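Nothing fancy with the numbering, it's 1 onward along the sequence. Only a predicted model underlies this, so the values are computations on that prediction, with no experimental measurement involved.
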Amino acid sequence: GLWQNGAQIESCLSPCSFTVDGGQTYQVTVDNYAGEMFSHWSDNAGTVDAWGGSRTVSVPATSTTISLTAVFSP
C-alpha cells in the first residue's frame with residue numbers, strides 16, 4: 001500500500017505502480033499473503049515487521065521512476 005502522513009492513499013495486488021507527487025515523502029508497505037511471508041527489500045533497506053514490511057521513499061521534485069522490489073519466502 002501507499003501511505004502519506006499516516007493515511008493510506010492507495011493499495012493494490014502485486015505487481016503495483018503508483019503515481020505520486022514530486023517533492024513528497026511516502027511510506028510503501030507490503031503485507032504477508034497466504035503462505036508467502038515478506039523476507040526483505042531487494043536492497044535491504046526499510047523495515048521487516050510481523051505483518052510484512054515498510055519503507056519510506058522521498059520522491060525527487062523532477063519526474064522520475066522509482067522501482068522497489070519486495071522479496072517473499074514461502
Going by heavy atoms in the side chains, are Ser54 and Asp49 under 4.5 Å from each other?
->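 They are in contact (side-chain heavy atoms under 4.5 Å apart), so the answer is yes.
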Answer whether the closest heavy-atom distance between the side chains of Ser73 and Glu36 falls below 4.5 Å.
->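 SC-SC contact between Ser73 and Glu36 ruled out.
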Per-pair distances, 0.1 Å, donor-acceptor, side chain in residues 60-72, under 3.5 Å, sequence neighbours excluded:
none

Among all residues two or more places apart in sequence or in another chain, which pass the side-chain contact (heavy atoms from CB on, under 4.5 Å) test with Ser14?
->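 Partners of Ser14 under the side-chain contact (heavy atoms from CB on, under 4.5 Å) test: none.
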With sequence neighbours excluded, residues passing side-chain contact (heavy atoms from CB on, under 4.5 Å) with Asn5 |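 Listed in chain order: nothing, the list is empty.
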Sequence neighbours excluded - disulfide (SG to SG under 2.5 Å) pairs with any residue from residues 44-74 =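 Residue pairs passing disulfide (SG to SG under 2.5 Å), neighbours aside: none found.
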Just grab all the disulfide (SG to SG under 2.5 Å) pairs involving residues 12-48, residues at least two apart or on different chains.
->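 As it turns out, the disulfide (SG to SG under 2.5 Å) pairs with a partner in residues 12-48, which skip direct neighbours, are Cys12-Cys16.
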At their closest point, which heavy atom of Gln8 faces which heavy atom of Gly1, and how far apart are they?
->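 Here Gln8 and Gly1 meet closest at NE2-CA, 3.8 Å.
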Only counting residues at least two apart or in another chain, list the ones meeting salt bridge (charged side-chain N to carboxylate O under 4.0 Å, His left out) with Asp43.
->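 By the salt bridge (charged side-chain N to carboxylate O under 4.0 Å, His left out) rule, Asp43 matches Arg55.
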Inter- and intrachain pairs under side chain to side chain donor-acceptor pair (under 3.5 Å), touching residues 24-33, at least two apart =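 As it turns out, the side chain to side chain donor-acceptor pair (under 3.5 Å) pairs with a partner in residues 24-33, which skip direct neighbours, are Trp3-Thr29, Gln4-Gln24, Thr25-Ser58.
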Give every residue pair that meets the salt bridge (Lys or Arg N to Asp or Glu O under 4.0 Å) criterion with at least one member in residues 15-30, sequence neighbours excluded.
->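 Matches after skipping sequence neighbours: none remain.
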Qualifying salt bridge (Lys or Arg N to Asp or Glu O under 4.0 Å) pairs, either residue in residues 60-74, two or more places apart |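 Salt bridge (Lys or Arg N to Asp or Glu O under 4.0 Å) check on residues 60-74 returns no pairs.
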Linked, directly or transitively: Val59 and Val28 (ILVMFWY side chains, under 4.5 Å) |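 Hydrophobic grouping puts Val59 with Val28.
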From Ile9 atom CD1 to Thr19 atom OG1, the distance as rounded to the nearest 0.5 Å |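 Here the rounded value is 11.5 Å.
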Inter- and intrachain pairs under ring pair (Phe, Tyr, Trp, His ring centres under 6.0 Å), touching residues 39-64, at least two apart =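 Residue pairs with at least one partner in residues 39-64: Phe38-Trp41.
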